[in-house]
Undergrad: 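Structure in structure tokens, see below.
All residue numbers refer to positions in the sequence shown, counting from 1.
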Amino acid sequence: MSEIENRKDLRILGARIGDNDYSFAIVNRRMDGSSKTQTITLKADAGTNTFYLYEFNRNQCGNGIDLSLPFKTVQVDNLKQNGITVEVPMETGVLVTTLPPLYVSEKEPVTYLNLIFEGATNYALSDQPKYGTSLNVISNPRKREPNLSEKVCQVTTSKLDNATYNLDDAHGILVPSDRVKISATNPYMNFQTYKNGVADVTIAICFEGIENMQGYTFQTESRSWQQHQIDLSPFIDKTIKYITIFPDRKFTQSTNTDTYLSIDNISLIATANNPQPVEDVNITKYDNSISKTLNVDFEYQNSNIALALSSDILRLQITANPKTQAENVSDKCCAVTLYTSDASRDADNSKISLNPFPNIQITDKTQHLFFQTYRNTILTDCALEVMVSGKRVFVPFEIKERRQWTEFGIDL
């Protein structure tokens, strides 16, 4: 806790959370006739950050349980150099934090993109276990020009025994945290790739409102970082949903080894440098095999299940267990975040899909489905929908305990 020299009006408390997040609490007390609104600039050793600002006073104090107050967002380009400037009225407390609220109004699309893997997490990695594909942040496998990054994203595809689908279609998904809209100002996408062999690779963009992915296929050079640029100007005003990475479009050779692809420095820029056109990318339809068991625990982001969203107001990721207890001792779980409080959005019907691979056959000995849920704030009504041979089984349930793992079971 600190205070301004010669004044006891303003008290400041700051905390660093993990490697990249910061929170500051500022209180401006009325002490005497010289008290007034105070303006203060906060600085910390960080790069670009989005801050959320909440004001507390006697007329605006929330529900006393969580951060239920209105807030505003401020984008800070360089927190260390420029800092963030905050006005604190008299008899008011201001919370300034980089931690996003659980419920936020849907973000307006941005027209910039800069995905690097050094520290700040402005992306989500989505494995595709049905293809044997996983994504991880690793040390740069070749830290030389033109890529001196410490960390990069690696997509790994393992050849699965008795696969019933086209291995050329194996892919991983990279989801930007912000909704990114292509603009006339920055219509070109740059990225770098590295592979320890020669292969045909496809990088594809999935846009909102466009059925087919738009991708660019190229041949890699062995053990060398390559610079690429694709032309997205035909998609101005379209919003990116996610980026799909196919590490080997000819992964059907008889080999038992994994195939890897590293990708880094994905950005939108204004300057054209031999940009390549994109074209429709299709994935071969495949037939699932059948299993009589289902056991999904998310421990290794490889639980024979694919994760999918029904709308752009949800975010989905594998994360650390928020509370390890007797009911649930897992290290990992699947977390869903709703990014809207706008009544005009159909939040009630938004959902995630967990698609098991292979398909699961229900028998007279395995007709009960069990699952656990955890919620750390407001209690709420939820529902589970199971598709069984084309029939929809809809099961509503209520989460009645806060910050507690609860088990539910349904009879199929």
Undergrad: Taking the side chain as every heavy atom from C-beta outward, state whether Asn212 and Asn282 have any pair of such atoms under 4.5 Å apart.
TA: yes
Undergrad: Side chains of Thr406 and Thr373: donor-acceptor distance under 3.5 Å anywhere?
TA: no
Undergrad: Do Phe371 and Phe397 have ring centroids that are under 6.0 Å from one another?
TA: yes
Undergrad: How are the rings of Phe218 and Phe191 set to each other: parallel, tilted or perpendicular (split at 30° and 60°)?
TA: tilted
Undergrad: Does a donor on one side chain sit under 3.5 Å from an acceptor on the other, for Asn136 and Gln154?
TA: no
Undergrad: May I ask you to check whether Thr133 and His171 show a side-chain donor-acceptor distance below 3.5 Å?
TA: no
Undergrad: Checking Asp264 against Trp225: is there a side-chain donor and acceptor pair closer than 3.5 Å?
TA: no
Undergrad: Crowded around Glu211 CD? As in, over 12 foreign heavy atoms under 6.0 Å?
TA: no
Undergrad: Can we call the ring centroids of Tyr54 and Tyr52 under 6.0 Å apart?
TA: no
Undergrad: Between the main-chain N or O of Glu150 and the side-chain N or O of Glu118, is there a donor-acceptor pair closer than 3.5 Å?
TA: yes
Undergrad: Using a 3.5 Å distance criterion without hydrogens, assess whether the side chain of Lys323 forms a donor-acceptor pair with backbone atoms of Trp405.
TA: no
Undergrad: Checking side-chain polar atoms at under 3.5 Å, does Gln38 have a donor or acceptor matched by the opposite partner on Asn28?
TA: no
Undergrad: State which residue, out of Gln404, Glu327, Arg403, fulfils the side chain to side chain contact (heavy atoms under 4.5 Å, CB included) condition with Tyr374.
TA: Arg403
Undergrad: For residues Asp21 and Thr98, is any side-chain donor paired with an opposing acceptor at under 3.5 Å?
TA: yes
Undergrad: Regarding Asn190 and Gln229, do their side chains bring together a donor and an acceptor under 3.5 Å, going by distance alone?
TA: yes
